[in-house]
Amino acid sequence: GEVIALLGPNGCGKTTLIRALTAMLPLRSGEILINGEALGSMTKPRMAQLLATVPQEEAHQFAFTVREVVAMGRLARSESFFDSEEDLEAARSAMESAECAELADRPVTELSGGERQRVLIARALAQDTEILLLDEPTAHLDVGHQLSAARLFRKLADEGKAIIVAIHDLNLVTTIASRAILLRDGRVAADLAAEEMLSSPILDEVYNVSFERFRGTDNRIRVYPVL
């Protein structure tokens, strides 16, 4: 029921953390628990039923259609080798939510960066997991699709999903997230409500930038670097 923004300068550990949470990187110590179950002891299919990820970018070597790529998110839930009607319906619904349904028959290799990003979001939605891990999901999107994605993530959280999103655009933080975790050198520098985080001087300290702050017409705080 919460969207958590991961913040911090380049190299602070945002992507590393997300990769650890998906078992793509081994842990040096400690453990990751999902609803009390250790991630390290899970099978890959079990893990795929609990969490989905959207990477910063993904290279597509084959000209699968968008519909086929999104349907691949159903692999951990499908009971048949070929896509069932349930899988196809889940893929259709996910494409509509991610605003890429009009691309369904296009080869994914022919899409722009922003279009591919919406397809990756749709694939994660089709996976139908409790947890979504998003690494810079709005980086390639235009302003309109950024706001649509922000509304979608908040809606999914309202429906009970847990969402962790690494993000560089600080002025999207309060639109997307209710809580923010600020990383510095691989450690947590601050864990605050999103509005508090943008107001806090710790933000200036960690980014090594002086920010000016004001409230927009939507009453959300905005930050701008002082040159």
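Here the structure is a predicted model, which means the values were calculated and not measured. The figures that follow rest on heavy atoms only: side chains count, while hydrogens, waters and symmetry mates do not. If you read the sequence from its start, that first residue is 1, and numbering goes on from there.
- You'll find the side chain of D218 stays beyond 4.5 Å of the side chain of T174, heavy atoms only.
- Annotation: side chain of E86 is not in contact with side chain of E89 (no heavy-atom distance under 4.5 Å).
- Side-chain atoms of R77 come within 3.5 Å of backbone N or O of Q49 as a donor-acceptor pair.
- At least one side-chain heavy atom of I164 sits less than 4.5 Å from a side-chain heavy atom of L6.
- Taking both residues in full, the closest heavy atoms of K14 and L7 are given as CD-C, 3.8 Å, listed atom of the first, atom of the second, then distance.
- Listed for the K161 side chain is a donor-acceptor partner under 3.5 Å among the backbone atoms of T129.
- Taken to the nearest 0.5 Å, the CZ atom of R67 stands 8.0 Å off from the CG atom of L88.
- In this structure, S97 contributes its side chain and S93 its backbone to a donor-acceptor pair below 3.5 Å.
- Looking at R123 and L120, their side chains come closer than 4.5 Å, going by heavy atoms from C-beta outward.
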Under 3.5 Å, which donor-acceptor pairs do the side chains of residues 194-201 form with other protein atoms, sequence neighbours left out?
residue : atom : partner : partner atom : Å
E195    : OE1  : R215    : NH1          : 3.0
E195    : OE1  : R215    : NH2          : 3.2
E195    : OE2  : I221    : N            : 3.3
S199    : OG   : E195    : O            : 3.0
S200    : OG   : I202    : N            : 3.1

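- The heavy-atom pair separating V206 from A189 by the smallest distance is CG2-CB, 3.9 Å.
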Under 3.5 Å, sequence neighbours excluded: what are the donor-acceptor pairs made by side chains of residues 181-188?
residue : atom : partner : partner atom : Å
R184    : NH1  : E205    : OE2          : 2.9

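- Here the CZ-OG1 distance, from R106 to T65, works out to 11.5 Å after rounding to the nearest 0.5 Å.
- Distance CG/L134 to CD1/I4: 11.5 Å, rounded to 0.5 Å.
- Shortest non-hydrogen contact noted between A126 and A91 is CB-CA, 4.4 Å.
- Taking CG from L152 and CD1 from I176, the interatomic distance works out to 10.5 Å, rounded to the nearest 0.5 Å.
- In this structure the side chain of T53 never reaches within 4.5 angstrom of the side chain of M24, judged on heavy atoms.
- Once rounded to the nearest 0.5 Å, the distance linking CD1 of I34 with CD1 of I131 reads 4.5 Å.
- In this structure a side-chain-to-backbone donor-acceptor pair under 3.5 Å is present from Y207 to G8.
- Side chain of E110 to backbone of P107: no donor-acceptor contact under 3.5 angstrom is found.
- Here CZ of R118 is found 12.5 Å from CE of M95. Values are rounded to the nearest 0.5 Å.
- Sorted by first and then second residue, the pairs that involve residues 30-49 and meet salt bridge (Lys or Arg N to Asp or Glu O under 4.0 Å), not counting sequence neighbours, are E37-R46.
- Here the closest heavy-atom approach between residue A149 and residue L141 is recorded as CB-CD1, 4.1 Å.
- Closest non-hydrogen pair, R179 versus E2, comes out as CD-OE2, 3.2 Å.
- Counting only distance, with no hydrogens or angles, the side chain of R19 and the backbone of L25 share no donor-acceptor pair below 3.5 Å.
- Residues A122 and A94 come closest through the heavy atom pair O-CB, 3.2 Å.
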Check the pair L39 / L27 against side-chain contact (heavy atoms from CB on, under 4.5 Å), numbers first and verdict last. CA-CA 11 Å; L39 183 71; L27 301 182; over 6 Å; no

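- With contacts defined as side-chain heavy-atom distances shorter than 4.5 Å, the pair R116/H140 does not qualify.
- With hydrogens and angles ignored, the 3.5 Å screen pairs a side-chain donor or acceptor of D204 with a backbone N or O of F211.
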